[in-house]
A.B. asks: 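Okay, here's the structure, questions in a sec.
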Amino acid sequence: MEQLQRRLAEFAEARQWGRYHTPKNLAAALSVEAGELVEIFQWLTPEESLRVMTAPDAADRVRDEVADVLAYLLQFCEVLEIDALDALEAKIERNEKRFPVHGNGHSME
């Protein structure tokens with residue numbers, strides 16, 4: 001993960017994009033890319049969405065948008081010095097306490 005973050009930072013530095021990579025701009029770009037991922041699934045039925053990776057063109061689009069979302073998230077974390085994996089682990093631990101498993105495993109009931 002750190003290696004990918006460094007590679008993204010070097011890519012941006014080589015193009016002098018650093019001045020544009022503010023937390024606000026990166027959060028906005030992340031939102032746009034997440035929206036583009038949602039757009040792929042927008043009018044699909046739940047069943048069709050489960051099969052999206054079986055269509056080569058759709059699968060390529062999904063992979064590209066996932067990559068864009070992850071790239072902007074990693075750049076956002078780089079700028080704010082957030083360890084994404086540590087943040088995720090801490091969030092999972094909070095959620096395990098917040099949503100304990102009850103009897104049948106359906107903690108939403």
A.B. asks: Answer yes or no: is there a donor N or O on one side and an acceptor on the other, between the side chain of Gln75 and the main chain of Ala71, under 3.5 Å?
C.D. replies: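 Judged by distance alone, yes, a pair lies under 3.5 Å.
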
A.B. asks: If we only count heavy atoms from C-beta on, is the Met53 to Arg63 side-chain gap below 4.5 Å?
C.D. replies: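 Yes - at least one pair of side-chain heavy atoms lies under 4.5 Å apart.
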
A.B. asks: Do Asn25 side-chain atoms and Tyr20 backbone N/O form a donor-acceptor pair below 3.5 Å?
C.D. replies: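 Flag set: sc Asn25 to bb Tyr20 pair under 3.5 Å.
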
A.B. asks: How about Tyr72 and Val32: do any of their side-chain heavy atoms sit closer than 4.5 Å?
C.D. replies: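 The answer is no; the side chains never approach within 4.5 Å.
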
A.B. asks: Could you report the tightest heavy-atom contact between Ala87 and Ile82, atom names first, then the distance?
C.D. replies: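 The pair with the smallest heavy-atom distance is CB-CG2, 4.2 Å.
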
A.B. asks: Hey, are the side chains of Leu37 and Val62 touching, using non-hydrogen atoms and a 4.5 Å cut-off?
C.D. replies: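 In contact.
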
A.B. asks: What's the separation between atom CZ in Arg98 and atom CD1 in Ile92, rounded to the nearest 0.5 Å?
C.D. replies: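 Result: 14.5 Å between the selected atoms.
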
A.B. asks: Say whether Leu44 and Val66 are linked into one hydrophobic cluster, either directly or through other cluster members, by side-chain heavy-atom distances under 4.5 angstrom.
C.D. replies: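 In one cluster: yes.
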
A.B. asks: Return yes when atom CZ of Arg15 has more than 12 non-hydrogen atoms of other residues, nucleotides or ligands closer than 6.0 Å, and no otherwise.
C.D. replies: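 For Arg15, atom CZ is crowded (more than 12 foreign heavy atoms under 6.0 Å).
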
A.B. asks: Provide the closest heavy-atom pair for Ile40 versus Glu65 in the form atom of the first, atom of the second, distance.
C.D. replies: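 Reported closest heavy-atom pair: CD1-CG, 3.9 Å.
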
A.B. asks: Hey, could you give me the CD/CD distance between Glu78 and Glu2, rounded to the nearest 0.5 Å?
C.D. replies: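 Interatomic distance, Glu78 CD to Glu2 CD, rounded to 0.5 Å: 9.5 Å.
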
A.B. asks: About how many Å separate CD of Glu13 and CG of Leu8, when rounded to the nearest 0.5 Å?
C.D. replies: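 That separation rounds to 11.0 Å.
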
A.B. asks: Can you establish whether the number of heavy atoms outside Glu48 located under 6.0 Å from its atom CD is more than 12?
C.D. replies: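 Count over threshold, so yes.
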
A.B. asks: Counting neighbours of CG on Asp57 that are heavy atoms of other residues, nucleotides or ligands and sit closer than 6.0 Å, is the number greater than 12?
C.D. replies: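 No, the 6.0 Å shell around CG holds no more than 12 heavy atoms from other groups.
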
A.B. asks: Does atom CD of Gln16 have more than 12 heavy-atom neighbours from other groups under 6.0 Å away?
C.D. replies: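 No.
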
A.B. asks: State whether Asp64 and Arg61 are salt-bridged, where the test is any N-O pair (Lys NZ or Arg NE/NH1/NH2 against Asp/Glu carboxylate O) under 4.0 Å.
C.D. replies: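 A salt bridge is absent here (no side-chain N lies under 4.0 Å from a carboxylate O).
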
A.B. asks: Go through the steps to decide whether Leu74 and Met1 satisfy the test side chain to side chain contact (heavy atoms under 4.5 Å, CB included), and finish with yes or no.
C.D. replies: CA-CA 8 Å; Leu74 291 176; Met1 185 82 78; 3.2 Å; yes

A.B. asks: Give a yes or no on whether Val69 and Leu80 share a hydrophobic cluster (residues Ile, Leu, Val, Met, Phe, Trp, Tyr; joining criterion: side-chain heavy atoms under 4.5 Å apart).
C.D. replies: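 Val69 and Leu80: one cluster.
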
A.B. asks: Would a distance-only check, ignoring hydrogens and angles, find a side-chain to backbone donor-acceptor pair under 3.5 Å from Glu93 to Ala90?
C.D. replies: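 Not at all, since once roles are kept as given, no pair shorter than 3.5 Å links the two residues.
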
A.B. asks: Ignoring hydrogens, what is the shortest heavy-atom contact between Pro23 and Phe76? Give both atom names and the distance.
C.D. replies: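 Nearest heavy atoms, Pro23 then Phe76: O-CE1, 3.6 Å.
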
A.B. asks: Decide, yes or no, whether a salt bridge links Glu10 with Arg6 under the criterion of side-chain N to carboxylate O below 4.0 Å.
C.D. replies: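 Result for this pair is yes, salt bridge flagged.
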
A.B. asks: Supply the atom-to-atom distance His21 NE2 to Leu26 CG, rounded to the nearest 0.5 angstrom.
C.D. replies: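 His21 NE2 to Leu26 CG: 5.5 Å, rounded to 0.5 Å.
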
